[in-house]
Amino acid sequence: MKADWSRRADENIGALLLDAPAIRKRVHELGDQITGDYRGRNPHLIAILKGACIFHADLVRAIDLSLSMDFIAVGSYGNAARTSGEVRLLKDLDESVEGRDVLLVEDILDTGLTVHYILQNLGSRGPRSLKVVTLLNKPSHRQVDVPVDYVGFEIPDHFVVGYGLDFKQRYRNLPEIRILSREALGG
Ligand code: 5GP
């Protein structure tokens with residue numbers, strides 16, 4: 001028998017938290033809600049790289065409006081599972097946000113430091129409106145209060161991977177979200 005080199009070959013990834021159909025359903029609900037809230041406007045959806053790229057790609061297709069997209073990247077984590085508290089801009093936006101209805105798209109809110117930093121940064125550039133959508137919200141480690149307008153799922157305090165979320169740059173291509181096992185975290 002041939003060896004299995006697929007993404008599922010690592011059986012120790014961890015327990016399933018959200019399967020692909022549950023994520024798809026919720027993303028479509030968020031898309032419908034955003035479509036209703038932004039009717040008559042052209043929202044500008046900014047994904048925070050890299051983690052939010054898959055959520056962003058699915059969300060924009062669930063929004064029935066003429067919209068535009070951009071990408072921003074910030075760093076602080078390196079390969080560690082917890083934030084150092086320091087956030088720095090790695091890739092800036094390509095376009096100006098002045099006068100636009102900006103919707104910041106995040107994968108997961110943990111301490112809140114990343115979104116807090118980006119909201120302050122973008123807020124000073126004169127957008128017409130500035131809102132936040134996050135797929136996952138992990139409120140147990142919040143260090144700063146962040147206004148969140150749309151939340152996909154509230155989740156307990158676990159380190160999760162899949163659907164864009166990584167551990168040491170792996171597991172982003174899992175179609176579901178899993179709680180990373182102790183074995184995988186340590187190994
Ligand atoms: P915050 O600045 O809110 O603490 O963290 C936001 C960022 O931390 C996320 O964009 C993500 O990159 C990372 N992060 C926080 N919790 C998790 C988690 O459970 N799994 C993964 N893969 N990344 C996380």
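All values below come from the heavy atoms of this structure, side chains included, with hydrogens, waters and symmetry mates left out. In each ligand, atom 1 is the first atom listed, and ligand 1 is the first ligand listed. Note that this is a predicted model, so its numbers are computed, not measured.
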Exercise for the section: Please verify whether a non-hydrogen atom of F159 lies at under 4.0 Å from ligand 1. Expected result: yes
Practice task
Say whether G51 and ligand 1 are in contact under the criterion: heavy-atom distance to a ligand atom below 4.0 Å.
Solution key: no
Near [X], which atoms of ligand 1 are under 4.0 Å from a heavy atom of that residue?
X: V160; answer: 18 (C), 19 (O), 20 (N), 21 (C), 22 (N)
X: T114; answer: 1 (P), 2 (O), 5 (O), 6 (C)
X: D107; answer: 9 (C), 10 (O)
X: D166; answer: 21 (C), 22 (N)
X: K138; answer: 16 (N), 17 (C), 18 (C), 19 (O)
X: I108; answer: 6 (C), 9 (C), 10 (O), 11 (C), 14 (N), 15 (C), 16 (N), 17 (C), 18 (C), 19 (O), 24 (C)

Exercise for the section: Please determine, by modelled atom types, if Y163 and N173 share a side-chain donor-acceptor pair under 3.5 angstrom. Expected result: no
Practice task
Look at the side chain of K138 and the backbone N and O of H158, then say whether any donor-acceptor pair between them is shorter than 3.5 Å.
Solution key: yes
Practice task
Keeping the roles fixed (side chain from R125, backbone from V97), state whether a donor-acceptor pair exists under 3.5 Å.
Solution key: no
Completion exercise
Heavy atoms of H44 and S68 approach each other most closely as ND1-OG, 2.6 Å
Practice task
Please check if L45 and I23 belong to a single hydrophobic cluster, counting links between Ile, Leu, Val, Met, Phe, Trp and Tyr side chain heavy atoms closer than 4.5 Å.
Solution key: yes
Handout entry: L165 reachable from F167 in the ILVMFWY side-chain graph, under 4.5 Å edges
Key = no
Practice task
Take the angle between the ring planes of Y150 and Y38 and call it parallel below 30°, perpendicular above 60°, tilted in between.
Solution key: tilted
Completion exercise
So for H158 against ligand 1, with non-hydrogen atoms under 4.0 Å, the contacting part is backbone
Handout entry: Close N or O approach (F167, ligand 1; < 3.5 Å)
Key = no
